[in-house]
Amino acid sequence: MSNQIRFRVNGRDEAFDLPDPRTSLLNCLRALGWTGVREACGEGECGACTVLVATPDAAGAARWTAVDSCLVPAAELAGQEILTSQGLGTPTALHPVQAALASGGGSQCGYCTSGFVTALAAEYYRPGRPAGAFDDEALDGTLCRCTGYRPIRDAAHALPTPAADDAWALRLAEPVPARPAVDVTTPGGRFVRPATLVEALAFLRAHPEATVLAGGTDVGVGIGLLHQPAELILDIAGLPELSGVTLGADVVEIGAGVPLADLPARLQGRLPLIDELVPLFASTQIRNRATLGGNLGTASPIGDGPPVLLALGADLVLADASGERRVALSDYFTGYRTSVRRPDELIVRIVVGPAGPVHAFHKIAKRRHDDISSVAVAYDLVVADGVVERVRIGLGGVAATPLRAHATEEALTGRPWTAETAHAASRVLAGEGTPLDDHRASAAYRRAMLATSLVRFQRDNPAAEEGN
Ligand SMILES: Cc1cc2nc3c(=O)[nH]c(=O)nc-3n(C[C@H](O)[C@H](O)[C@H](O)COP(=O)(O)OP(=O)(O)OC[C@H]3O[C@@H](n4cnc5c(N)ncnc54)[C@H](O)[C@@H]3O)c2cc1C
């Protein structure tokens, strides 16, 4: 069996003999000579290793998507098309993004520049972007270590639209290559990407020890930084059965493998809580890969998805090779990073019923972007005739598992939706869970943040009826 993978890099067909299924795209590209891709943090925090991948949007049209190449196993990109800063320009003919950065003083030591160039280029090529319009969020996953952000931002806001003969813009008129099934056995282990969910579940039944890989934004950190073993990787990213979003009359179903960045467009405003969650989740590069399936798969107590999905009263659909079962998310977590999911099961989709008209997601973290929550609180509220008819509150960061704030929900239900009610219930909320002291926050701080959150939620939504 061959250990060779093939893809297209900067318009050139490349073949690479994979030494290990864990080999990152970053290390693979550098081994192939594309050394403009830089390694810095190695954990998706700084964006120096950002490359662009041609991916389909909701309508199937191609776009250039920024991803952290340090987190993605190279085999995951087999058959796909990648663009790096070296492909964008040449030493004699700078790409407009490179020219803008150079002339605007947006690069000093140059270490992060390659990542800024690719992150800027993703926004430069965003279909429909008007000249001079630049979404600053496109830079939320790229860390500058010496230049300072003002000249970089100035360069970004001065970008023209791509010229009519721009090769990489023209490339977007072509379809994205289909993702081939992959099965490579390397000296260090095996990487398998089945073509269908049925094949994936059969493989998992035979190999429950396999490391399941979706976006890889957790798995990649585990492999790269924590040296976790992963000799057998089952890649489920892009499986069609996990990539759908269904908007029913009352119920919304979200495929476990939909990248977070795509959710707002795919949900068409049906779940505003998720629209609030997405921009606060990590960074552009991470959101372009991370999935809700992976967020729930880790069963982390500080994931941002669970509080939101708990507030939405979500159920999960788990599947194994014999069929499906449905589990309320509130029954899914069993302890610190454990869940009812068996090793031969996958989360296939998340099912959400009608959402209330009033909602909020409060993420308390040290930075607005690219940071993990110290405490996260999500609310879904229905008020009728000035009285709380139904409220669901999801919490993260205050116990070994994400949890519903049942005592607080009880303290609010049937009471007038007033500042007094919120103040009284905030004392109950401060007592929910068993927060710990750790490097992110003290237990006392977490309790104080819980109480403040509810008071703020009421203050922000004083006349909450029908979402007013
Ligand atoms: C820089 C950085 C910032 C981050 N910021 C945040 C943040 O702000 N908020 C936050 O919540 N998280 C954050 N994360 C963590 C991570 O991005 C999320 O947990 C993400 O949702 C994981 O999704 P993924 O598809 O990349 O999962 P993967 O890494 O592919 O998988 C994660 C785990 O879930 C399992 N898994 C994946 N899909 C399934 C499935 N369908 N069924 C069963 N098991 C599955 C995998 O086996 C693995 O154990 C951050 C990570 C990084 C590197």
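Computed from a predicted model, the values in this text were never measured in an experiment. Just follow the structure's listing: the first ligand is 1, and inside any ligand the first atom is 1.
Which parts of ligand 1 touch Lys363 is read off a 4.0 Å heavy-atom cut-off, strictly below it: atoms 7 (C), 8 (O). Per-residue contacts place Gly44 under 4.0 angstrom from the following atoms of ligand 1 (heavy atoms of the residue considered): 1 (C). Ligand-side atoms of ligand 1 in range of Gly303: 11 (O), range being under 4.0 angstrom from any heavy atom. Residue-ligand proximity, Thr298 to ligand 1, at heavy-atom distances under 4.0 Å covers atoms 32 (C), 33 (C), 34 (O). Remark: ligand 1 atoms within the under-4.0 Å shell around heavy atoms of Gly215 are 24 (P), 25 (O), 26 (O), 30 (O).
A salt bridge is defined here as a Lys NZ or Arg NE, NH1 or NH2 lying under 4.0 Å from an Asp or Glu carboxylate O, and Asp331 with Arg404 fails to meet this definition. Electrostatic pairing of Glu14 and Arg6 does not count as a salt bridge here, judged by no charged N lying under 4.0 Å from a carboxylate O. By the 4.0 Å N-to-carboxylate-O rule, Asp315 lies too far from Arg325 to be salt-bridged with it. Taking 4.0 Å as the cut-off between side-chain N and carboxylate O, Glu276 and Lys363 do not count as a salt-bridged pair. Look at Asp380 and Arg392 and you find a salt bridge, because one of the NZ, NE, NH1 or NH2 atoms lies within 4.0 Å of a carboxylate O, short of that distance. With salt bridges taken as basic N to acidic carboxylate O contacts below 4.0 Å, none links Glu199 and Arg193. Salt-bridge check for Glu76 with Arg289: passed, with a basic side-chain N closer than 4.0 Å to an acidic carboxylate O. Between Arg63 and Asp262 there is a salt bridge, since a side-chain N of the basic residue sits under 4.0 Å from a carboxylate O of the acidic one.
Closest approach of Thr118 to Leu52, counting heavy atoms only: O-CD2, 3.3 Å. Taking every heavy atom of both residues into account, Phe134 and Glu123 meet most closely at CE1-CG, 3.1 Å. Scanning all heavy atoms of the two residues, the minimum distance from Glu137 to Pro279 falls at OE1-O, 4.3 Å. For the residue pair Glu231 and Pro21, the shortest heavy atom distance occurs at O-CG, 3.7 Å.
The nearest protein atom to atom 49 (O) of ligand 1, hydrogens excluded, is given as Gly297 O, 4.4 Å; this is a heavy-atom distance. At the shortest separation from atom 4 (C) of ligand 1 among protein heavy atoms lies Ala282 CB, 3.5 Å. In this structure, the protein non-hydrogen atom closest to atom 28 (P) of ligand 1 is Gly216 N, 3.5 Å. Nearest non-hydrogen protein atom to atom 51 (C) of ligand 1 is Thr217 O, 3.9 Å. With hydrogens left out, the protein atom closest to atom 37 (C) of ligand 1 is Gly294 CA, 3.4 Å, a heavy atom. At the shortest separation from atom 42 (N) of ligand 1 among protein heavy atoms lies Ile347 N, 2.8 Å. With respect to atom 21 (O) of ligand 1, the closest heavy atom belonging to the protein is Thr291 O, 2.9 Å. Looking only at heavy atoms of the protein, atom 31 (O) of ligand 1 is closest to Val219 CG2, 3.6 Å.
Taking any N or O of Gly305, backbone or side chain, none lies under 3.5 Å from an N or O belonging to ligand 1. In terms of N/O distances under 3.5 Å, ligand 1 is not approached by Gly220. Any N or O atom pair closer than 3.5 Å counts here, and Leu260 shares no such pair with ligand 1. The shortest N or O to N or O distance between Asn295 and ligand 1 is under 3.5 Å. Considering backbone and side-chain atoms together, Ile372 places no N or O closer than 3.5 Å to any N or O of ligand 1. Residue Ala214 has at least one N or O atom closer than 3.5 Å to an N or O atom of ligand 1. The shortest N/O to N/O separation between Leu346 and ligand 1 does not fall below 3.5 Å.
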Yes or no on side-chain contact (heavy atoms from CB on, under 4.5 Å) for Leu234 and Phe191, after CA distance, side-chain angles and deciding distance? CA-CA 6 Å; Leu234 172 65; Phe191 187 102; over 6 Å; no
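Under 4.0 angstrom from ligand 1, there are no non-hydrogen atoms of Leu296. Residue contacts with ligand 1 for Glu43 involve N, CA, C or O but no side-chain atom from C-beta outward (heavy atoms, distance under 4.0 Å). Neither the backbone nor the side chain of Asp68 has a heavy atom within less than 4.0 Å of ligand 1.
Under a 4.0 angstrom heavy-atom cut-off, Val221 registers as being in contact with ligand 1.
The backbone N or O of Asp320 lies less than 3.5 Å from no partner atom in the side chain of Asp344, so there is not a single donor-acceptor pair.
Here atom 22 (C) of ligand 1 lies nearest to Asp218 when heavy atoms of Asp218, Ile286, Leu213, Leu316 are compared.
Between Phe457 and Tyr379, the angle of the ring planes stays under 30°, which puts this pair in the parallel group of the 30/60° scheme.
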